[in-house]
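Numbers restart at 1 for each chain; the letters A, B, ... are given by sequence-line order, proteins then strands.
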Amino acid sequence: MTETAGTSGAVAPNGPGAATLLAAGIGAAVLGVAALAGDAFAGIAHVLTVSRATGPLSGVTDVAILAWLVSWSVLARRWAHRDVPLGRIIRITAALFALGLLLTFPPFMDLLQGK
Amino acid sequence: MEISVRDAVTVLHGMIFGAALLLALSGIAVAVYATSAAGSPWSPTRAQRRALTLALALAALLAWVTVLLGAYAVYPWYRAHAPAGTLDLSGFPQRLLLSDPRTAGWHDLGMEWKEHIAWFAPLSLTAAASLFARYGTELRALRALRNALLGLIGLAFASACVAGFFGAMLNKHAPVRGGATIVIMHGGSHD
């Protein structure tokens, strides 16, 4: 899929939209990786405990939000006035979301850790 | 008629904010599709488009408020550690669930999944709101982007459903209660 409507000149370039999508996917994947890391390693769980009351979940979500916002800001600036191969970006975004969802699903987390 | 502060905050988190989010999302999804589908006869006015953009932004805000309230107010009460030797675990929901193999799964699967999947809702809704604000009815010409936007709204809805379902079930098996008592109404005795 190479939908790049901006080339027609009729609508805005798809770059900013692609940046929004990809950054959300990155945030979702980082959430999954951080959740798994915190669950598997006590040392990482300790580092991720930003709020003692909430526990490692506080750091897991902080890291994911940070990754999401930083990547959004960088990508949005880079792709502000460009058309990008949207189909490929959407497929990558879907894969990142799937990774995030899988890594936060407890039975899959346990499977990866051999529990 | 009384309710504890922890009960009230849990109700606010799940039954009010969470339920309102699900309700809003179902309407928003239909409206976004109707205004952005290619060949749709509905061409929204500028005011209608602004209202829909605002509705999406408010839904995203509601999702953030819901997860933040859950993670930083309700969850700490849920996961509180009982002092050694505590026999009555009713004030420590996580410990109460884990103390019985028949209820442990509600924590091991339910809360462990809920505490993470809930965050997919604000994340994807913020992205969806941003996409709609930027492209609006131009999405008619950007089918892939429109489908991705609807996918984000669908993901937010599904995430909120999973979180809401387990939240309700967890609160049935091990309610988050305690704190000061709020008197809602003074009732008389009825024999």
Side-chain angles (χ1 to χ4, degrees), chain A residues 1-6 8 10-12 14 16-28 30-32 34-36 38-39 51-58 60-61 64-65 68-69 72 76 85-91 93-94 97-98 100-101 103-110 115, chain B residues 64 67-68 70-81 94 105 107-149 151-152 154-156 158-159 162-163 166:
Chain A
M1 199 189 313
T2 54
E3 187 179 46
T4 53
S8 69
V11 291
N14 67 20
T20 303
L21 286 172
L22 188 56
I26 289 169
V30 170
L31 180 70
L36 177 66
D39 198 48
S51 153
R52 195 182 276 185
T54 300
L57 177 66
S58 55
V60 167
T61 53
I65 291 169
W68 166 51
L69 293 178
W72 195 359
L86 191 59
R88 205 172 73 191
I89 298 293
I90 289 174
R91 280 195 296 277
T93 301
F97 265 108
L101 285 167
L103 292 180
T104 52
F105 185 54
F108 189 74
M109 280 173 126
D110 292 346
K115 284 185 183 171
Chain B
W64 280 113
V67 294
L68 288 170
Y72 290 96
V74 181
Y75 187 56
W77 293 327
Y78 169 84
R79 70 190 290 273
H81 287 271
Q94 183 189 38
H107 172 77
D108 292 338
L109 176 64
M111 180 51 93
E112 294 280 344
W113 195 14
K114 169 187 164 61
E115 72 185 41
H116 293 117
I117 197 168
W119 292 84
F120 285 84
L123 187 74
S124 48
L125 272 180
T126 305
S130 167
L131 287 176
F132 193 79
R134 182 165 197 104
Y135 293 97
T137 48
E138 288 183 6
L139 290 164
R140 291 175 183 208
L142 294 163
R143 200 180 64 160
L145 205 54
R146 183 195 73 217
N147 290 343
L149 188 154
L152 288 172
L155 176 66
S159 309
V162 170
F166 280 113

With a 4.5 angstrom heavy-atom cut-off, is it the side chain or the backbone of A/Ile65 that approaches chain B, or both, or neither? side chain

At a heavy-atom separation under 4.5 Å, does B/Leu152 approach chain A through its side chain, its backbone, both, or neither? side chain

Part of A/Leu57 lying under 4.5 Å from any heavy atom of chain B: side chain

A/Ala53 versus B/Arg79, closest heavy-atom pair with distance: O-NH1, 3.0 Å

Taking side chain as everything from C-beta outward and backbone as N, CA, C, O, which of these in B/Tyr72 sits under 4.5 Å from a heavy atom of chain A? Side chain, backbone, both or neither. both

Of all residues at least two apart in sequence or in a different chain, which pass the ring-ring contact (aromatic ring centres under 6.0 Å, His included) check with A/Trp68? A/Trp72, B/Trp64

Is chain B contacted by the side chain of A/Ser58, its backbone, both, or neither, given a heavy-atom distance below 4.5 Å? both

Report the distance from atom CD1 of A/Ile89 to atom CG of B/Leu145, rounding to the nearest 0.5 Å. 11.5 Å

Go through the steps for A/Thr104 and B/Phe120 under the test side-chain contact (heavy atoms from CB on, under 4.5 Å), then give the verdict. CA-CA 10 Å; A/Thr104 52; B/Phe120 285 84; 3.9 Å; yes

In short, B/Leu123 meets A/Ala28 closest at the heavy-atom pair CD2-N, 3.6 Å

What part of A/Thr20 gets closer than 4.5 Å to chain B, counting heavy atoms only: side chain, backbone, both or neither? both

Honestly, the part of A/Thr54 sitting under 4.5 Å from a heavy atom of chain B is both

Taking side-chain contact (heavy atoms from CB on, under 4.5 Å) as the definition, give me every residue that meets it alongside B/Val162, ordered by chain and number, with sequence neighbours left out. B/Trp113, B/Ile117, B/Phe166

Of the non-hydrogen atoms in B/Asp108 and A/Pro106, which two are nearest, and what is the gap between them? O-CB, 3.6 Å

Scored by heavy-atom pairs under 4.5 Å with chain B, the best of A/Leu31, A/Asp110, A/Leu21, A/Leu101 is A/Leu101

Measure across A/Ala12 and B/Glu138 and return the closest heavy-atom pair with its distance rounded to 0.1 Å. N-OE1, 3.1 Å

Might you point out which heavy atoms bring A/Gly17 and B/Leu131 nearest each other, and give the distance in Å? CA-CD2, 3.4 Å

